[in-house]
Amino acid sequence: MDPAPKRQRVDPADAAGISDDAQAIRVLEFAKARAKELQEFAHAMMSSSRNRLATQLLPRHLRRRAASHNVYRLPARLRALAKQQALKSGLTKPSRRQRRKTRFLVDDHQRRARKNMWLASHIWHAKRMHMENLWGYRIAARSAERGRRAAYR
């Protein structure tokens, strides 16, 4: 029996279009050999821009930190996209008007007053004095030197 003929070993450099002297690259042959890789690279470059936030679509000199919190700081063409992304992320907070409604204020008061009872005048005192926890209540301890005349009344 005659052994099977040996296959000739193909040098990867020859298949890729690199010449023997390694001084020059045959561009067309090299591009043909790498056509699939180049196509995938071009596709990746085009599709990567789709996964961006609305604030990242602006040029760098127009980006503002405030725009990440308030979609109305963005140009009109990007507002719809920013609103959609904000809803998807779940990081939106109620508007100031909504937060000032009675139900929200009562819930907020109950949440804050869980540990220590608040007096009816707590918010007035908290604006003007240093508060401390005493006897299970949140009580004004000393003046913060703001509005002295109002504190003496």
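Starting from 1, each residue takes its place in the sequence as its number.
Around atom CD of E40, more than 12 heavy atoms belonging to other residues, nucleotides or ligands sit under 6.0 Å away. Counted within 6.0 Å of CZ on R79, heavy atoms from surrounding residues, nucleotides or ligands total more than 12; the atom is thus considered enclosed.
Hydrophobic cluster of M131: no remaining members, since no ILVMFWY side chain lies below 4.5 Å from it. When hydrophobic residues (I, L, V, M, F, W, Y) are linked wherever their side-chain heavy atoms come within less than 4.5 Å, the members clustered with I139 are M117, L119, L134, W135, Y137. In the hydrophobic clustering (ILVMFWY side chains linked at under 4.5 Å, chained through shared members), L28 stands by itself. The other residues sharing a hydrophobic cluster with V71 are Y72, where clustering joins ILVMFWY side chains under 4.5 Å apart.
For K32, there are no side chain to side chain donor-acceptor pair (under 3.5 Å) partners two or more places apart in sequence or in a different chain. D108 is linked by a side chain to side chain donor-acceptor pair (under 3.5 Å) to R111, R112, counting only residues two or more places apart in sequence or in another chain. Considering only residues two or more places apart in sequence or on other chains, H122 meets the ring pair (Phe, Tyr, Trp, His ring centres under 6.0 Å) condition with W118. Partners of S89 under the side chain to side chain donor-acceptor pair (under 3.5 Å) rule, at least two apart in sequence or in another chain, do not exist in this structure. Judged as a side chain to side chain donor-acceptor pair (under 3.5 Å), and not counting sequence neighbours, the contacts of R142 are E132. Not counting sequence neighbours, the partners of Q98 by the side-chain contact (heavy atoms from CB on, under 4.5 Å) test are P94, S95, K101, R103.
In terms of modelled atom types and a separation under 3.5 Å, the side chain of Q56 and the main chain of L53 share a donor-acceptor contact. When atom types are taken as modelled, the side chain of H125 and the backbone of S121 share a donor-acceptor pair closer than 3.5 angstrom.
Rounding to the nearest 0.5 Å places CD of Q85 at 9.0 Å from CG of L78. With values rounded to the nearest 0.5 angstrom, L62 atom CG is found 10.5 Å from L74 atom CG. From H69, atom NE2 reaches atom OG1 of T55 across 10.5 Å, with rounding to the nearest 0.5 Å. In this structure, L58 CG and R52 CZ are separated by 10.0 Å, a value rounded to the nearest 0.5 Å.
With L81 as the partner, the side chain to side chain contact (heavy atoms under 4.5 Å, CB included) test is satisfied by one option alone out of K83, R77, Q84: Q84.
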